Student: 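Below: one structure in C-alpha cells.
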Amino acid sequence: MKQDITEALKFHFGFDKFKGNQKAIVESVLLGKDTLVLMPTGGGKSLCYQLPSLMMEGTALVISPLIALMKNQVDSMRNFSEEDGVAHFINSSLNRAAIDSVKQDILSGRTKLLYVAPESLTKEENIEFLRQVKISFYAVDEAHCISEWGHDFRPEYRRIRPLINEIGKQPVIALTATATPKVQHDIQKNLGMMDATVFKSSFNRPNLYYEIRPKGNDIDREIIKYIKTHDGKSGIVYCLSRKKVEEFTGILCANGIKALPYHAGMDSQTRSSNQDAFLMEETDVIVATIAFGMGIDKPDVRYVIHYDIPKSLEGYYQETGRSGRDGGEGRCIAFYASKDLQKLEKFLQGKPVVEQEIGRQLLLETAAYAETAVCRRKVLLHYFGEEYTEDNCGSCDNCLNPKVLIEAEELLHTVLEAIETLKEKYRTDYMVNLLMGFETSEIVSYRHNELEFFGVGQEEGERIWNAVIRQAQIAGYLAKDIENYGLLKITPKGKLFMKKPVSFKIVKDNEFDEDETHETPLRGGGSCAVDPALYSIIKDLRKKLSKQLEVPPFVIFQDPSLEAMATTYPVTLEDLQNIPGVGVGKAKRYGSEFIAIIRKYVEENEIERPDDMRVRTVANKSKLKVWIVQSIDRKIALDDIAISKGLEFDELLNEIEAIVYSGTRINIDYFINEAMDEDHIQDIYAYFKESETDGLEEAIKELGSDYTEEEIRLIRIKFLSELAN
C-alpha cells in the first residue's frame, strides 16, 4: 500500500514526498478509519482527503462552510486532472440546470469529490439524491465550526452527524487548522467519532513574527507607514466591523495604497471579484472582517495586521496563519487597547448565559496573550495544548525585547494555597479579585471576604497576580478544567511545589494603560521620539511658553505631537500641520517658535529629514467633523447630534476632542449650562487650570466620584477650546 500511495501522490499531484503527517493520515482514511486532523494553515490539509478520494471507489463528500473556498478547491482539483467532472460543488450559487449537470457527472462515476455547504446538505432533495450515490467517505472541513468554543461557531455544523446517518454511514475525516483541547473534544463528541485516530501536527509556525502594539489614535498613520515600507507585498488588515472595513479601505486608497474591502454585508459578486483581485495581485491589500480568509490559498501573504484585536485566540491564530504559507516572511502585527475588549464584552449582553460565559473566557485569554511579556509563541502554543521549550523564539516582540524577571516563588505558593482552600472551584478572575481584596457580590455571598488570604495581595496589584497564574499554567503548576469554564486545578507538579517550593521567576506583563492608548484623539500608541535631544529642547520651549501664556503645557501641544516633531523634524508651518494634533489654528498660534528651533537644530546637526508622510483622510471623515462644528454653531444638543449620526455619546466626544485638539475653537457652553451643575463646571475648570496634565484618569482620581467621566470630558473640551484655540 505504501508504494501505491507515494506513486499515487506523484501521479495525481506531481509531488515526490508527503509533508508531515500526510502519509499516515491518507493511510488511515484508506483503511476506513474515522480520522481527526489538527494541522496549522499551510500544512497541506486538503491533500489528506483529496488523494484518498482519487484512490477510492465512489465519491467523497466534503462538507465545507464557504462558497468561495469550494470554488477554489474545485478549480485546483480540476487543474490536477484531465477530467473537469472530477470535482464539483453544490450550493446556492448554482442554478437548476447547473445542479442537474453536476448530478449527472456524479451518477456516471466521473466525480471523485463533491463539495457541499452544511445548509445545502439539509435540503431533502439533496439527501434523497445522495442516498443514490456511492459515498467513499465524508470529509468535514473547518471542523472547529462545530464547537461553541471555536472562533467561528456555526449551529448548522451541529447537524452534520444526523445527516450523515440519514445519507448512509461511511468513515469521517474531520479537519481543522486550529483547535484547543476543548474544541477537539467537541468535534469528536459531536461527530460521533470518539474512537477516531487523531493526527496533531505542531502548531508552531517558525517563519511567523508576532507583535502586539498599543492602539493609539495615530493607528491609521502607523499602518499606512508600515504598508508603504512593504510596498508591492500582499497583506491583509482585519477589522471587527464592516463600517471600519469600508472606512479604512477608503483611507488606504486616499493615501495611494491599492486596497479593496471584503465583508459579509457586500453582495457575493463584489466579494468574489475583490478576492480574485487579491489572488491575482491586482490589489496589494485586502481590508476585511473575519468573513475573509477561510481556506484562501494564497501562499505569499507577507503581513497580517489586526486593526482590532480578535474575540478569541483561536481566531487570532487562524487569521495570522494566513501569512507566510509558503514558509517565507510572515509578519503578524495586532493593535491592542484593553478598552476594545471591554466594548466586545458589552456586545455579549443579552445573549444566552452560556454564550456570555464562553465569550468572556475567550476574551480573557485574548487579553492575557496581548498583555503578556512572555514569549508569544510559548503562550500561543500552550493555548493549543502544545509545549514550546525554547527560552527565546527570536521571532516575537517579547523575545526580541526581553523583560526583567522577578522572583515569584512566594506568590505562587500563596496562589496554590488559596486555590486548594477553595477546593479548586474557581477561575482566574475570581482568585485575583480575592487576593486583591475586592468585595464583589460573588465573594461576599460566599463569605470568602472573611478568609485569611482575602486581600493579602493588594501590594502586588492585579497585573502581577494575573501574570503569576498564567505563567504557572505555562510552567505546568496549574491547569484549567476545560470542561468547566476554565476552573483552576493544581497539577501533580503544583502539589509537589507546595510541599517543596523551588525558584519560580515571572516576567511582568506589559501595560496597555487606558490613558496612554485611548483617552483623547492624541494619546499616543506608545510611540516615542526618535530624537530625544530635540524632544527635550522643544519640551523646554513648551514649558517656557506655558509660563508666559499662563496655560498648562498640554494646552499648547500634547506629548505625542512633540514626539512626532522630534521624529519627522517639521521646518515649515505646512510641515507642522502634518503632525498629529496640529491643525491650522494651532500651527499659526504656536508654530513659528517651534519651527524656528527645529530648523536651527536640523541645520546645526546636519540632519537629513525623512520624507514627510501626511495621512490623507477620506472626505467623509472631514465631512462629519465639519457637520459637527456646524451643528454646534447652531446650538443643537450634543446628544441629538450623536443620535442623528448613529454615534454613541462617547464616540461623539472623541470627534469633538479631535476637532479641539487640532486647533479649532468651538463653544459648547449652551449644552454644558443646560446639562451640568454650575459648581461642577467651576470645580472641573479650576482643576484643569492648575493641572500639569489633561489625562482623564488623573482628573477622575483627583476630582473624586462626585464628577462623571462625561462631565470631566465636556469641561476639558471647553477649557482647551477657550485657552488653546
Side-chain angles (χ1 to χ4, degrees), residues 8-9 11-13 25-26 29-35 37 45-143 145 156-157 159-175 191 268 272 294-295 297:
L9 178 72
F11 177 77
H12 291 292
F13 295 99
I25 293 165
V26 171
V29 176
L30 290 173
L31 289 168
K33 293 178 180 174
D34 283 346
T35 308
V37 177
K45 285 190 308 300
S46 308
L47 188 129
C48 296
Y49 59 80
Q50 286 169 346
L51 183 59
S53 74
L54 297 170
M55 295 175 71
M56 290 167 79
E57 196 187 337
T59 303
L61 191 65
V62 185
I63 300 159
S64 170
L66 284 184
I67 289 173
L69 170 60
M70 292 182 199
K71 186 179 178 304
N72 284 358
Q73 297 269 23
V74 167
D75 288 346
S76 88
M77 275 307 289
R78 286 175 179 171
N79 287 336
F80 285 119
S81 171
E82 293 170 25
E83 173 67 70
D84 261 6
V86 70
H88 277 301
F89 58 78
I90 291 180
N91 61 37
S92 55
S93 72
L94 298 183
N95 60 29
R96 172 60 56 201
I99 289 176
D100 287 344
S101 162
V102 168
K103 287 181 175 176
Q104 222 30 65
D105 274 357
I106 295 166
L107 291 172
S108 69
R110 278 199 292 272
T111 303
K112 304 304 287 176
L113 274 161
L114 175 64
Y115 290 82
V116 291
E119 296 85 347
S120 306
L121 204 56
T122 55
K123 290 183 181 164
E124 197 52 53
E125 60 173 305
N126 287 338
I127 292 171
E128 282 303 318
F129 169 72
L130 290 168
R131 278 196 185 129
Q132 304 165 43
V133 177
K134 180 170 178 53
I135 305 285
S136 51
F137 61 89
Y138 298 90
V140 181
D141 209 358
E142 310 293 352
C145 295
E156 59 273 16
Y157 258 62
R159 299 163 65 191
I160 289 175
R161 185 74 237 183
L163 291 168
I164 286 175
N165 294 344
E166 220 178 307
I167 294 162
K169 283 190 183 175
Q170 286 299 344
V172 175
I173 174 172
L175 309 100
L191 284 175
S268 59
S272 190
M294 217 189 251
D297 195 12

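On a predicted model such as this, the values are computed, not experimentally measured, just so you know.
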Student: If the test is side-chain contact (heavy atoms from CB on, under 4.5 Å), which one of I25, V172, L175 qualifies with T35?
Tutor: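 The single option meeting the side-chain contact (heavy atoms from CB on, under 4.5 Å) with T35 is I25.
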Student: Supply the atom-to-atom distance S101 OG to I106 CD1, rounded to the nearest 0.5 angstrom.
Tutor: 9.5 Å
Student: Nearest 0.5 Å please: distance from the CD1 atom of I63 over to the CG atom of L114.
Tutor: 10.0 Å
Student: Taking only residues two or more places apart in sequence, or in another chain, which ones meet N95 in a side-chain hydrogen bond (donor to acceptor under 3.5 Å, both in side chains)?
Tutor: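 Expected list: none.
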Student: How far does CG of L130 sit from CD of E125, to the nearest 0.5 angstrom?
Tutor: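 So the gap between those two atoms works out to 10.5 Å.
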Student: Taking the side chain as every heavy atom from C-beta outward, state whether L9 and L47 have any pair of such atoms under 4.5 Å apart.
Tutor: yes
Student: According to side-chain hydrogen bond (donor to acceptor under 3.5 Å, both in side chains), who are the partners of D105, at least two apart in sequence or on a separate chain?
Tutor: H88, R110
Student: Check for a donor-acceptor pair, side chain of K112 on one end and backbone N or O of M55 on the other, with a separation under 3.5 Å.
Tutor: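 Not a single qualifying donor-acceptor pair exists.
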Student: To check you understand the geometry: which heavy-atom pair defines the closest contact between S136 and Q170, and what is its length?
Tutor: O-OE1, 3.9 Å
Student: Counting C-beta onward and ignoring hydrogens, is there a side-chain heavy-atom pair between D100 and Q104 closer than 4.5 Å?
Tutor: no
Student: Does atom CD (E57) have a neighbourhood of more than 12 heavy atoms from anything else shown, all under 6.0 Å?
Tutor: no
Student: Looking at E128 and K103, does any basic side-chain N land under 4.0 Å from a carboxylate oxygen?
Tutor: no
Student: State, yes or no, whether a side-chain contact exists between L191 and Y138 at a heavy-atom distance under 4.5 Å.
Tutor: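 Answer no - side chains too far apart.
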Student: T111 and G85: which non-hydrogen atoms are nearest, and at how many Å?
Tutor: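 Shortest heavy-atom contact: OG1-O, 2.8 Å.
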Student: Can you list the residues that meet the side-chain hydrogen bond (donor to acceptor under 3.5 Å, both in side chains) rule with S120, with sequence neighbours excluded?
Tutor: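 S120: no side-chain hydrogen bond (donor to acceptor under 3.5 Å, both in side chains) contacts found.
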Student: Does L107 reach the side chain of F129, with side-chain heavy atoms less than 4.5 Å apart?
Tutor: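 They are in side-chain contact.
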Student: Please find the pair of heavy atoms, one from F137 and one from Y49, that lie closest to each other, and give the distance.
Tutor: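 Of all heavy-atom pairs spanning F137 and Y49, the closest is CZ-O, 3.4 Å.
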Student: What pairs with E156 under salt bridge (Lys or Arg N to Asp or Glu O under 4.0 Å), at least two apart in sequence or on another chain?
Tutor: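 By the salt bridge (Lys or Arg N to Asp or Glu O under 4.0 Å) rule, E156 matches no residue at all.
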Student: So, using side-chain hydrogen bond (donor to acceptor under 3.5 Å, both in side chains) as the criterion, who are the partners of S53 when residues are at least two apart?
Tutor: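 Listed in chain order: nothing, the list is empty.
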Student: Would you please name every residue forming a salt bridge (Lys or Arg N to Asp or Glu O under 4.0 Å) with E166, sequence neighbours left out?
Tutor: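 Salt bridge (Lys or Arg N to Asp or Glu O under 4.0 Å) list for E166, sorted by chain: R131.
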Student: What is the minimum heavy-atom distance between Y157 and P65, and which atoms define it?
Tutor: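 Minimum heavy-atom separation between Y157 and P65: OH-CD, 3.2 Å.
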Student: Restricting to non-hydrogen atoms, name the atom on V74 and the atom on A87 that form the minimum distance, rounded to 0.1 Å.
Tutor: CG1-O, 3.5 Å
Student: Roughly how far apart are Q50 CD and L54 CG, rounded to 0.5 Å?
Tutor: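 Here the rounded value is 7.5 Å.
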Student: Quick one: closest heavy-atom pair of Y115 and S64, and the distance?
Tutor: CD2-CB, 4.5 Å
Student: Do V116 and N126 come within less than 4.5 Å of each other through their side chains, counting heavy atoms only?
Tutor: no
Student: Picking from L121, L113, V133, what satisfies side-chain contact (heavy atoms from CB on, under 4.5 Å) with L61?
Tutor: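 Output: one option passes, namely L121.
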Student: Can a donor-acceptor pair be found, under 3.5 Å and without considering hydrogens, that links the side chain of K134 to the backbone of T59?
Tutor: no
